[in-house]
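Okay, so here's the structure we're looking at.
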Amino acid sequence: MRFTFLAIVVGLAVGAFAQSSTADAYVASEASIAKAGVLANIGPSGSKSQGAKAIASPSTTNPNYLFTWTRDTSLVFKALIDQFTSGEDTTLRGLIDSFTSSQAILQQVSNPSGTVSTGGLGEPKFNIDESAFTDAWGRPQRDGPALRSTAIISYANWLLDNGNTTYVTQTLWPIIKLDLDYVEANWNQTGFDLWEEVNSSSFFTTAVQHRALREGAAFATRIGQTSEVSGYTTQAANVLCFLQSYWNPSGGFITANTGGGRSGRDANTVLTSIHTFDPAAGCDAATFQPCSDKALSNLKVYVDAFRSIYTINSGVAANAAVATGRYPEDSYQGGNPWYLTTIAVAEQLYDALIVWDQLGSINVTTTSLPFFQQFSSGITTGTFASTSETYTTLTTAVKNFADGFIAVNAQFTPSNGGLAEQYSRSNGQPVSAVDLTWSYAATLTAFHARTGKTYPGWGAAGLTVPAVCSTSGSGSSGGGGGAGTVAVTFNVQATTFFGENIYITGSVDALQNWSPDNALLLSSANYPIWSITVNLPASTDVQYKFIRKAPGELIWESDPNNQITTPASGSFTQSDTFR
Ligand code: NOJ
Ligand code: NOJ
């Protein structure tokens, strides 16, 4: 008995230590390889960039990635700009300047999505000679302008700090403004998701648009372009409101796209958490910060979606790290795990650890409970101060869990350290595009977060989600997929006995999709009128019923269902008598 116990403790400790020492070793060997991998693929003298300012990968067949994608390039350069502005690598300035100047050129290139003033900024990729790519493609993709303006604003803020005002206002601001105006006008239009497949509204796209508009408003203020501020700020509030609608409360995860007909579990959501991380925003759930209860619950659901589908994950404990891919239904190039998605999980967890350390506590809510139960089966909701044993237990386990994702990538990185796009779900061999610039950049940013390093935030702290969403983008004509939500108050008259309560469920996520178990409790503050206010999708037919529940009792209202059509905007009150 005693030996068994000791063996388990030692086994756990060795397992934990093994993950972290594998991660340590991988960081030590891979960091310089990843940095060199990025540099080889960018800039006129990059050894693999073939003269291009940036390529996604030097692969030219199956798949041909010798193009400049706005998303990949912007994410990669954001990582480099952070290294430059933080003083970590002062040699990058020339490359950053060549990035901004080539993006200024690409903005003006007429392409199948339009001209610079008619939607062309949503074009996802260009030929490496800076001409338009004219073959069929999933276009437009509306995350590009947002990600690009975020990258350039972070560089411009550093230049302003260092007195280079003229270059910022005359050269960079016009580039930034084109992108921000595009986001302001088009955020509520549908487009293709970051994986270039689903044409709808997409969580990653909406979230990075929100970030861009917030920091765009602050940046415009900083340089005295005050006429832009209210437009960006107004639309930022509307985008933040819409962002909430991706949350699936019954599933405990963020649904990646409004279309697509998939389960909705998608690396899109984890990538959002790390690319909209603001160290000053605490564990705010409205912006899905890495340590927010919603983002942690989502991380668990996302990771669990890959446990049983990949052979290389078999035999791994249910609470240990596994290889993850874009989304479980993926079949592109075999539908395998990706380096950049697996390591993004680690990065989200490192970001969370940074903020818990700053806050001096961990707050476990009913939403994040399943995430934390992976590490402590007896954990309850509550706030655990950094002086408590529970805090130490949880943070040690989360750190080890995070290191596990690094260790998984380490296991499937070939001996030369090269990072392709994917590795085989059946045997871990590299698959698809070799030397993917984004794989290397994602590795670098995760390694940085692991050391506790943070970069300037973007104003995510203390934001208020408007009670009612408006979808009227300033320059747009509707018709988009970004249908917002409206606040609907349900009042129902019901006489109940002591211990009996009234609940509601119905045909939409926000009403828990006809689940009597997860039905929403109404307030009896104005008894016998029971009441609740719920954000429901605008302009939608919604069916619902009230339920009486008491211990051992569950009584549905009699048929038929009740139905309302929600208004396009504003709020709405519905009054019923329990049937
Ligand atoms: C190429 C895109 O780059 C990739 O993301 C997508 O999965 C496939 N096309 C689908 O065919
Ligand atoms: C396919 C990925 O799905 C997409 O996100 C990326 O932009 C391109 N490959 C280029 O790396």
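For ligands, and for the atoms within them, numbers begin at 1 and follow the listed sequence.
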Do R262 and Y327 have side-chain N/O donor and acceptor atoms under 3.5 Å apart?
yes

Ring center gap for Y339 and Y423 short of 6.0 angstrom
yes

Look only at interatomic distance and state if E197 has a nitrogen or oxygen under 3.5 Å from any nitrogen or oxygen of ligand 1.
yes

Measure up the F306 and Y310 rings against each other and bin them: parallel (under 30°), tilted (30 to 60°), perpendicular (over 60°).
tilted

As an exercise, identify every atom of ligand 2 less than 4.0 angstrom from a heavy atom of W438.
5 (O)

Roughly how far, to the nearest 0.5 Å, is the CG atom of L444 from the CD atom of E30?
9.0 Å

Residue W195 vicinity, atoms of ligand 1 by number, heavy atom under 4.0 Å
4 (C), 5 (O), 6 (C), 7 (O)

min-distance protein heavy atom vs atom 2 (C) of ligand 1 -> E196 OE1, 3.0 Å

Ring centers of F203, F288 separated by less than 6.0 Å:
yes

W338-ligand 2 polar pair, N/O distance under 3.5 Å:
no

Please list, in number order, the atoms of ligand 1 under 4.0 Å from a heavy atom of Y332.
4 (C), 7 (O), 8 (C)

Should the proximity of R326 to ligand 1, defined as any heavy atom under 4.0 Å, be assigned to the side chain, the backbone, both, or neither?
side chain

State the atoms of ligand 2, each with its element, that fall below the 4.0 Å cut-off from a heavy-atom position in A56.
10 (C), 11 (O)

Report the part of W137 (side chain from C-beta onward, or backbone N, CA, C, O) that has a heavy atom under 4.0 Å from ligand 1; answer both or neither where that applies.
side chain

Counting from 1 in the order shown, the ligand 2 atoms closer than 4.0 Å to a non-hydrogen atom of D72 are 6 (C), 7 (O), 10 (C), 11 (O)

Do F77 and F99 have their ring centres less than 6.0 Å from each other?
yes

For L194, take its heavy atoms, then give the atoms of ligand 2 lying under 4.0 Å from any of them.
3 (O), 4 (C), 5 (O)

Just which atoms of ligand 2 are under 4.0 Å from any heavy atom in L436?
11 (O)

Side-chain atoms of residues 413-420: list all donor-acceptor pairs with protein atoms under 3.5 Å, sequence neighbours left out, distances to 0.1 Å.
| unit_1 | atom_1 | unit_2 | atom_2 | d |
| --- | --- | --- | --- | --- |
| T413 | OG1 | Y26 | OH | 2.8 |
| T413 | OG1 | N409 | O | 2.7 |
| N416 | OD1 | G418 | N | 2.8 |

Determine yes or no for a side-chain-to-main-chain donor-acceptor pair under 3.5 angstrom, with S57 supplying the side chain and V434 the backbone.
yes

